[in-house]
Structures are given as C-alpha cells and as structure tokens.
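Order of the sequence lines fixes the chain letters, A, B, ..., with proteins taken first and strands second; residue numbering starts at 1 for each chain. Since this is a predicted model, take the numbers as computed values, not measurements.
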There are 2 protein chains.
Amino acid sequence: MAQNKKGEFSKKENELADFANAISHPARVAILKQIADRETCICGEIVEVLPLAQSTVSQHLKELLKAELINGEVDGTKSCYCINWKTFEKFEKTFNEFFKKANSHNPKCC
Amino acid sequence: MAQNKKGEFSKKENELADFANAISHPARVAILKQIADRETCICGEIVEVLPLAQSTVSQHLKELLKAELINGEVDGTKSCYCINWKTFEKFEKTFNEFFKKANSHNPKCC
DNA sequence: ATACTATATCGCAAATATACGATTATATAA
DNA sequence: TTATATAATCGTATATTTGCGATATAGTAT
C-alpha cells in the first residue's frame, strides 16, 4: 500500500485482524486441519499432503507460529507442530465480545 | 504469487480462508464494529470515524459485501449497511466443526 | 437547469504476500 | 569423516492488496 495505516487502529482491532490474517489462506487452513487431526504432532508429513513445495509450507508454518496459532518443537532432524488452543480460545472470546455485544440481530436493518 | 494454488484446496478450506480474509485488515474489523454497534444501519459516518479516505472505505465495504459479511441498501444519496449475521453464524459453525472435532486439547503435544 | 451531496469506480504507486528453486544448517546414519 | 535426511532461510519473480486523488454517477435541493 501507499502507506500502512494499521498503526492507526486499536490493539483489539489489530489482534483480530492478525488472527484472521493467519487463517486467510487455504493452505494455512489445511495445515491447521492436518495438525489438529493427528494424535501426535507432525512435521513434514504436511508437505506430502499439500500441493505445495517444502519451502512454501515452511513459510506458512512460520506465519502460523508468528501468529501463535501453533507451537513448534525440534525433534532430531524433524520439526514437530501442534495447535496452540489458547490462541483459538482467546480469539473466540475477543471475536464474540467485539461483535456480539450490541447484536440483537437488529430487525430494523436492511 | 508465482502461481495461484488456491484452486487445489477444498471448498471448505477456501470458504474459511475467504471469511478470514475479509476480516484480516483492522480497517475492516473497525468498519464491522461500527456497523454492529449502531441501532440503525449507517453509511458514510464510517468515513468520518476511520482514518482513511472515502474511496478507501468504499473499497473495504465492497470487499465486505463480496464476502457477504454485510448487506447494503441504497437510501437516496446515501448507502446503508448492516451486518449479515447469517454469514457469521455459518462461519462459526464451519470453523468449529473444522477445528474442534478432533480436539481434546491433546496433552501429548508440544 | 444548476448546484450540491453522497458514494462508487478508475487509474496509479507502493507495499505485501505467495511460490519456488537453490542453498544452508543441523542431526543422524554409515 | 562422509553421506543422508529434514527443515529453515535466501533470493527472486509475480500477483494481490492497500491507499489515495480524480472522476463519474445518481439523488436531492434551489
């Protein structure tokens, strides 16, 4: 963008946006799904399942880490990831208090 | 991107990503908040409240419409928007069934 | 008809995101 | 040590997003 105006918005607004941004790509949704579905944490199995190169998957994992949607751990030569449910819960809470407060599903509306 | 791989992911994955994408910018979060908070639908009042030019706000509104997060209605020279709660509910449902199914907040995990 | 108001659209510039191959770093195996 | 395997990072090309001013469009008022 010509200028980045994100700093002009509130902390909560940015937090919600950042969370949403982390899951705003189908590849990252698919990665989260894979991690959530497995009993134990996984790593490069994701690469086998997704239609993306290893480096691309690694980049997406990095973004998910940055947004704290997942936790990562090195295990020998492998890397192991799991869902950070705390962040999901926090998001759900913030999301609800942000949007549902004034919401009586207004019938006056268009 | 070099190539767009979004078509290689499932419908559900893309739906979740699209919804998230619509709220992945603090300006759009702020716009949704404004609309949700008012009794009646509003229009260019948003422009007064946000630190963005009128054309930029209009663009964001267009995106929110496209994602069906809001409904719009023309009222004279003014445009009137309101939250499309149906989409929010649908998202919540999809989100939960997608991520919470296998989730026992796995203690084996890192 | 003319002026005014509100909003959408267009065209452009700059910033970010996506994707990949090549390379690097680290751990394990031989 | 050397080879192998796994995953992160770098460099780069391209696509998309963000933002604004200018313009277009359409309703309302004079």
Side-chain angles (χ1 to χ4, degrees), chain A residues 1-9 13-14 17-31 34-35 40-67 70-82 110, chain B residues 1-9 13-14 17-31 34-35 40-67 70-82 110:
Chain A
M1 25 199 148
Q3 302 154 72
N4 192 329
K5 296 266 182 158
K6 288 178 183 173
E8 313 222 14
F9 295 93
E13 283 158 358
N14 273 289
D18 286 346
F19 182 93
N21 191 55
I23 57 174
S24 72
H25 192 288
R28 288 193 290 273
V29 173
I31 289 171
Q34 287 297 317
I35 298 176
T40 53
C41 308
I42 50 144
C43 51
E45 297 160 307
I46 299 165
V47 176
E48 289 196 340
V49 170
L50 295 212
L52 296 172
Q54 176 267 320
S55 56
T56 307
V57 171
S58 198
Q59 252 179 343
H60 282 305
L61 284 167
K62 197 180 173 186
E63 271 197 80
L64 291 171
L65 275 172
K66 198 183 67 185
I70 59 174
N71 294 124
E73 210 174 48
V74 175
D75 175 24
T77 59
K78 310 199 175 181
S79 277
C80 175
Y81 295 98
C82 64
C110 44
Chain B
M1 21 193 152
Q3 301 154 75
N4 192 328
K5 295 267 181 157
K6 287 178 184 173
E8 313 221 15
F9 295 93
E13 283 158 357
N14 273 290
D18 286 345
F19 182 94
N21 191 55
I23 57 174
S24 72
H25 193 287
R28 288 193 289 275
V29 173
I31 289 172
Q34 287 296 317
I35 298 175
T40 54
C41 306
I42 50 141
C43 47
E45 299 158 308
I46 299 165
V47 175
E48 289 194 340
V49 171
L50 294 212
L52 295 171
Q54 176 267 320
S55 57
T56 306
V57 171
S58 196
Q59 251 180 343
H60 282 305
L61 285 165
K62 196 179 174 187
E63 271 196 82
L64 291 170
L65 276 172
K66 199 183 69 187
I70 59 175
N71 295 125
E73 210 173 49
V74 175
D75 174 24
T77 59
K78 310 199 175 180
S79 276
C80 175
Y81 296 98
C82 64
C110 42

When rounded to the nearest 0.5 angstrom, what distance separates CG in B:Leu61 from CD1 in B:Ile31?
-> 5.0 Å
Roughly how far, to the nearest 0.5 Å, is CG of A:Leu52 from CD1 of A:Ile46?
-> 11.0 Å
From A:Ser24 atom OG to B:His25 atom NE2, the distance as rounded to the nearest 0.5 Å = 12.0 Å
Per atom distances to the A:Lys78 side chain, the nearest of D:dT6, D:dA8, C:dC20 is D:dT6
Taken to the nearest 0.5 Å, the spacing of A:Cys43 SG from A:Ile35 CD1 works out to 10.0 Å
Closest to the B:Asn4 side chain: C:dT18, C:dA27, D:dT16?
-> D:dT16
Rounded to whole angstroms, how far apart are CD on A:Glu8 and P on D:dT18?
-> 16 Å
When you measure from the side chain of A:Arg28 to the backbone N and O of A:Asn21, does any donor-acceptor pair fall under 3.5 Å?
-> yes
How many Å lie between CD on A:Glu63 and C1' on C:dT16, as a whole number?
-> 10 Å
So which of residues 17-24 of chain B are in contact with DNA chain D, with a heavy-atom cut-off of under 4.0 Å?
-> none
Could you check whether A:Glu45 gets within reach of a base, just the sugar-phosphate, or nothing at all, counting any heavy atom under 4.0 Å?
-> nothing
Numerically ordered, the residues 47-61 of chain B set in heavy-atom contact under 4.0 Å with DNA chain C is B:Gln54, B:Ser55, B:Ser58
Among C:dA8, C:dT9, C:dA27, which nucleotide sits nearest the side chain of B:Lys62?
-> C:dT9
Chi angles and distances behind the side chain to side chain contact (heavy atoms under 4.5 Å, CB included) call for B:Val29, A:Phe9 | CA-CA 9 Å; B:Val29 173; A:Phe9 295 93; over 6 Å; no
Please give, in whole Å, the distance from C:dT16 P to A:Arg28 CZ?
-> 16 Å
Can you check whether B:Ser55's main-chain N or O pairs, donor with acceptor, with B:Ser58's side chain at less than 3.5 Å?
-> no
Counting only side-chain N and O atoms of A:Lys6, is one of them less than 4.0 Å from OP1 or OP2 of C:dA15?
-> no
Measure from the side-chain heavy atoms of B:Tyr81 and tell me the nearest of C:dT5, D:dA8, C:dA8.
-> C:dA8
Rounded distance (nearest 0.5 Å) linking atom CD of A:Glu13 with atom CD1 of B:Ile23 = 12.5 Å
Drop me the distance from B:Ile70's CD1 to B:Lys62's NZ, to the nearest 0.5 angstrom.
-> 12.5 Å
Once you round it to whole Å, what is the distance between P of D:dT17 and NE2 of B:His25?
-> 12 Å
Mind listing the closest non-hydrogen atom pair of B:Asn14 and A:Pro26 along with its distance?
-> OD1-CG, 3.4 Å
Taken to the nearest whole Å, CD1/A:Ile42 to C1'/D:dT6 is 14 Å
Distance test, side-chain N/O of A:Thr77 to OP1/OP2 of D:dT4, below 4.0 Å = no
Mind calculating the distance between CG (B:Leu65) and P (C:dT7) to the nearest angstrom?
-> 13 Å
Return the value, rounded to whole Å, for the distance between atom CD of B:Gln3 and atom C1' of D:dT12.
-> 14 Å
Would you mind reading off the distance between A:Ile31 atom CD1 and D:dA7 atom C1', rounded to a whole angstrom?
-> 13 Å
